[in-house]
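This one's a predicted model, so the numbers in the text were calculated from it and none came from an experiment.
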Amino acid sequence: MGAFAMEATITITVDGEKRTVTVDTRVTLLDLLREHVRVAAPKKGCDHGQCGSCTVLLDGRRVTTCLAFAVQHDGAEIVTAAGLGTRDTPHPMQRAFLDRDGFQCGYCTPGQVCSAVGMLAELEAGWPSHVTPDVGSAPERTPAEIRERMSGNLCRCGAYVNIVAAIEQGAAR
């Protein structure tokens, strides 16, 4: 490392497993997860927070990890798409993506699944979006709300119709 590099030791919980790691203070949360902790679910897509491939649930809220420094999240709990369910018992949203063919190449799928789980929690909490007709009342789970709330997650294969159907199915379970 260069003469001005600084390191910090942080502890995070990833998919239920506590990890302590020393990293350069400039390392993003995405690079910490993929390169230091060896968690492959969040993907590096644009590295600018525009595609959503790196989305995880950070302390229960969806976050694009490429825009966050790892050292900002010492003590955080992170759930990736791999940590939502198990091979034998997938999370309802994972099951819905499989049932509804909510993916093609699969590269964006972990971010899509985490974002879907997070945005449903936002809806449940009553947070309005740009398309919520009346911001004074609780938003309804409509296809328009789902599309708006998922607009930060890109699918280069164009599986959007099936992604919305998968989210509707996953939310109904």
Side-chain angles (χ1 to χ4, degrees), residues 12-16 28-30 32-34 39 41-70 72-86 89-103 106-173:
I12 57 173
T13 302
V14 181
D15 296 335
T28 65
L29 190 53
L30 175 60
L32 171 80
L33 291 170
R34 291 189 58 82
V39 175
K43 303 295 188 247
K44 186 174 276 202
C46 67
D47 222 13
H48 294 289
Q50 297 173 342
C51 74
S53 294
C54 67
T55 303
V56 300
L57 299 173
L58 175 67
D59 294 329
R61 295 189 58 190
R62 59 186 174 151
V63 170
T64 50
T65 56
C66 70
L67 294 180
F69 287 116
Q72 293 175 287
H73 301 290
D74 186 23
E77 182 169 332
I78 298 167
V79 178
T80 71
L84 285 172
T86 66
T89 311
H91 185 278
M93 192 59 67
Q94 292 170 319
R95 177 82 258 154
F97 267 72
L98 291 169
D99 291 348
R100 297 295 185 150
D101 292 325
F103 58 93
Y107 194 83
C108 70
T109 306
Q112 297 274 3
V113 169
C114 283
S115 191
V117 170
M119 77 91 177
L120 288 173
E122 293 165 10
L123 262 172
E124 180 89 8
W127 298 356
S129 78
H130 180 70
V131 299
T132 304
D134 178 6
V135 296
S137 64
E140 295 180 31
R141 190 183 74 238
T142 64
E145 279 285 349
I146 292 171
R147 283 191 300 273
E148 169 64 22
R149 291 168 186 269
M150 292 296 292
S151 64
N153 289 79
L154 303 180
C155 173
R156 289 182 174 93
C157 301
Y160 296 114
V161 171
N162 294 352
I163 290 169
V164 172
I167 293 169
E168 289 175 327
Q169 177 184 317
R173 289 187 177 186

To the nearest 0.5 Å, what is the distance between [atom1] on [X] and [atom2] on [Y]?
X    : Y    : atom1 : atom2 : answer
F69  : L29  : CZ    : CG    : 11.5 Å
K43  : L33  : NZ    : CG    : 11.5 Å
S129 : I146 : OG    : CD1   : 11.0 Å
T86  : H91  : OG1   : NE2   : 11.5 Å
C157 : I163 : SG    : CD1   : 9.0 Å

If you define the side chain from C-beta out and look only at heavy atoms, does anything of [X] sit under 4.5 Å from [Y]?
X    : Y    : answer
V56  : V14  : no
V164 : I167 : no
I78  : H73  : no
P143 : E168 : yes
V117 : C114 : no

Knowing that exactly one of T65, D15, T55 qualifies, which makes a side-chain hydrogen bond (donor to acceptor under 3.5 Å, both in side chains) with T80?
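Between T80 and the candidates, side-chain hydrogen bond (donor to acceptor under 3.5 Å, both in side chains) is satisfied uniquely by D15.
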
For F97 and Q112: C-alpha separation, side-chain torsions, deciding distance, then whether side-chain contact (heavy atoms from CB on, under 4.5 Å) applies.
CA-CA 9 Å; F97 267 72; Q112 297 274 3; 3.9 Å; yes

Return the minimal non-hydrogen interatomic distance between [X] and [Y], and the atom names on each side.
X    : Y    : value
A81  : Q94  : O-NE2, 2.6 Å
Q50  : L154 : O-CD1, 3.7 Å
W127 : P139 : O-CG, 3.3 Å
C66  : G49  : SG-N, 3.1 Å
S115 : N153 : OG-OD1, 2.9 Å
A96  : A166 : CB-O, 3.1 Å

So, Y107 side chain and K44 main chain: donor-acceptor pair closer than 3.5 Å or not?
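Indeed, once roles are kept as given, a pair shorter than 3.5 Å links the two residues.
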
Checking the side chain of T142 only, and the main-chain atoms of E145 only, is there a donor and an acceptor separated by less than 3.5 Å?
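Yes: the side chain of T142 pairs with the backbone of E145.
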
Qualifying residues under side-chain hydrogen bond (donor to acceptor under 3.5 Å, both in side chains), relative to R100, sequence neighbours excluded
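R100 satisfies side-chain hydrogen bond (donor to acceptor under 3.5 Å, both in side chains) with Q169 only.
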
For E148, which residues count as a side-chain hydrogen bond (donor to acceptor under 3.5 Å, both in side chains) partner, sequence neighbours excluded?
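E148 satisfies side-chain hydrogen bond (donor to acceptor under 3.5 Å, both in side chains) with no residue once adjacent residues are dropped.
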
Run the numbers on L98 and F103 for side-chain contact (heavy atoms from CB on, under 4.5 Å), then give the verdict.
CA-CA 8 Å; L98 291 169; F103 58 93; 3.9 Å; yes

Can you tell me if CD on Q72 sees more than 12 non-hydrogen neighbours from other groups inside 6.0 Å?
yes

Got a sec: does the OH of Y160 have more than 12 other heavy atoms crowding it under 6.0 Å?
yes

Strictly by salt bridge (Lys or Arg N to Asp or Glu O under 4.0 Å), give each pair with a member in residues 50-67 just once, sequence neighbours left out.
R62-E122

